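Computed from a predicted structure; not experimentally measured. Scope of the values below: all heavy atoms of this structure, side chains included, with no hydrogens, waters or symmetry mates. Just so it is clear: chains get the letters A, B, ... in the order the sequence lines come, proteins before strands, and each one is counted from 1.
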Amino acid sequence: MFALVDVNNMYVSCERVFRPSLIGKPVVVLSNNDGACIARSNEAKDLGVQMAQPWFEVRHLEREAGLLALSANFELYGDMSTRMMTLVAQYAPRQEVYSIDESFLDFEGVSGDLVEIGRDMRAKVLLWTGLPTSVGFGPTKTLAKLANHVAKMADRRPGRYDARHAQVCHLGAADRATRDAVFAASEVGDVWGIGRRMSARLNAGGIHTVQDLLRADIATLRAQFSVVLEKTVLELRGTPCLDVDHAPAAQQQMMCSRSFGAPVTTLAEMVEVVSQFATRVTEKARQQQAAAGAVHVFITTSPHRRHDRQHSQSLTLPLVRASADTRVIVAMAVRAVQQMVRPGFHYAKAGVMLLDLRPQGQQQAELDLFGTAEAAPGAGPSRLMAAMDTLNQRFGRGAVTVASAQHQARHGQHAGRQQRRSPRSTTRLAEIVTARA
DNA sequence: TCTGGGGTCCTAGGACCC
DNA sequence: TCTGGGGTCCTAGGACCC
């Protein structure tokens, strides 16, 4: 039996732990430039705020309805996530950390009443971290996900699902009538793996609820959609197609991208920002002892500014030798933007992606054919890069960087607006919570 | 004025192989 | 006149996830 445990409205809940006055109020957490809502409290959802909705569209609710907005504080969320994951891992032999706020647990071989175990786990996470969670159990990951959705909705929207499912829902133990009631009350779009596009197509074919989907002919579904949907339906029927991935393979790619606080119009500015992104993503690669085989860079104007001339372009540059050296990656990224940036455009976003990641130091001997060995600083863990990482860790990001990123590091003009960020209470001593006597 | 930042997997089509 | 067929690998793009 599988469980899916996740934190309700994760980012908002993290903020509430340190600012209890936010409890019960409509709260959103904003993306990097304070641009869009990336997390909403239930109260904010009830006001009609949508996921990823631009802040300027809902800003009027600040006055009209007391909506509160905070800048994202990922350092805090990441740390809270680790605490919560460590706690729930103790309840089952195998865990897959699926996202910052979600974890699959495999209860194979565990005896006892799972609903009771789920309630105990919820209570402990709440007591020890302050984070409210929902727990769903099912014989497949997809059913555990659905059960989790039911647990949350039964708590939030009494009437849609049986109140007994609130907070902890076990679809694997439910009798047939109970399960059917859940399937009939769930829309296909509520199912893990069925997004907006597929929902629309399924709806057009008369399939609206999970019950409809389970009654449909699976071969036809596979032919008209894909094996992905076929697997999803099999999982909903109780046939496991997906296992808990407790030892995930190393990442294949990683990215650093950002929308700009102000449009970038010149090559010189673009070189600065992209150098910064390249620096950051290479740092991340080194943390995972990975080296990149290729660098992918993209730049784009804002598709939302309809009156602007649009330009989106990307370029992938292969590396002769895999590298995790900031100088090498920045040089490639700069070369890419030099080929792409055109005058007269207002660029709104750019990103640097490292592709074809492999363990650092794993070099193929035949590449030395090119005689690049002595000029290949990315070949192993470089002392220079290690020193740079240490300095930046101690003195703050950007303390030491490559020259082309320097201007940005000093001025941070494209670093983005983040005017509403809360203290990083659990990871910075200087920002620790003060209790009044 | 102002619109997130990460990832994964699957498929189709082309290049290339024998 | 008539010009193979099957396999693999790679890439781009699309769909999904949070």
Can you spot which of A:Val273, A:Val264, A:Leu315, A:Val337 makes a side chain to side chain contact (heavy atoms under 4.5 Å, CB included) with A:Ile299?
A:Val337
Pairing nucleotide - B:dC18, Watson-Crick or G-U, each distance under 3.5 Å:
C:dG5
For A:Trp192 together with A:Phe2, are the ring centres under 6.0 Å from each other?
no
Nearest of [options] to any side-chain atom of [X]?
| X | options | result |
| --- | --- | --- |
| A:Gln253 | B:dT8, C:dA15, B:dC10 | B:dT8 |
| A:Trp192 | C:dC18, B:dG4, B:dG7 | C:dC18 |
| A:Met255 | C:dC17, B:dG7, B:dG5 | B:dG7 |
| A:Val227 | B:dT11, B:dG4, B:dC9 | B:dT11 |
| A:Lys231 | B:dG7, B:dC10, B:dT3 | B:dC10 |
| A:Phe56 | B:dG7, B:dC2, C:dC18 | B:dC2 |
| A:Ile38 | B:dG4, B:dT1, B:dC10 | B:dG4 |
| A:Ser99 | C:dC18, B:dG4, B:dT1 | C:dC18 |
| A:Arg197 | C:dC18, C:dC16, B:dC2 | C:dC16 |
| A:Met198 | B:dT8, C:dC18, C:dC16 | C:dC16 |

By the 4.0 Å heavy-atom rule, please label [X] as base, sugar-phosphate, or nothing.
| X | value |
| --- | --- |
| A:Arg196 | sugar-phosphate |
| A:Asp101 | sugar-phosphate |
| A:Met254 | sugar-phosphate |
| A:Ile194 | sugar-phosphate |
| A:Cys256 | sugar-phosphate |
| A:Val191 | sugar-phosphate |

Shortest non-hydrogen separation from A:Ala151 to A:Val135 and the atoms involved
CB-O, 3.7 Å
In whole Å, I'd like the distance from the [atom1] atom of [X] to the [atom2] atom of [N].
| X | N | atom1 | atom2 | answer |
| --- | --- | --- | --- | --- |
| A:Leu4 | C:dC17 | CG | C1' | 12 Å |
| A:Tyr98 | C:dC16 | OH | C1' | 8 Å |
| A:Leu229 | B:dT11 | CG | P | 12 Å |
| A:Gln53 | B:dG4 | CD | C1' | 14 Å |

Without hydrogens or angle criteria, can the side chains of A:Asp120 and A:Tyr91 be said to hold a donor-acceptor pair below 3.5 Å?
yes
Below the 4.0 Å mark, does B:dG7 have OP1 or OP2 next to a side-chain nitrogen or oxygen of A:Lys284?
yes
According to a strict under-4.0 Å criterion, is A:Ser259 in side-chain N/O contact with OP1 or OP2 of B:dG5?
yes
Salt bridge check, A:Lys152 against A:Glu102: does any charged N sit closer than 4.0 Å to a carboxylate O?
no
Gap in Å between the two C1' atoms, one belonging to B:dC16 and one to C:dG4, rounded:
15 Å
When the ring planes of A:His311 and A:Phe345 are compared, do they come out parallel, tilted or perpendicular, using 30° and 60° as the limits?
tilted
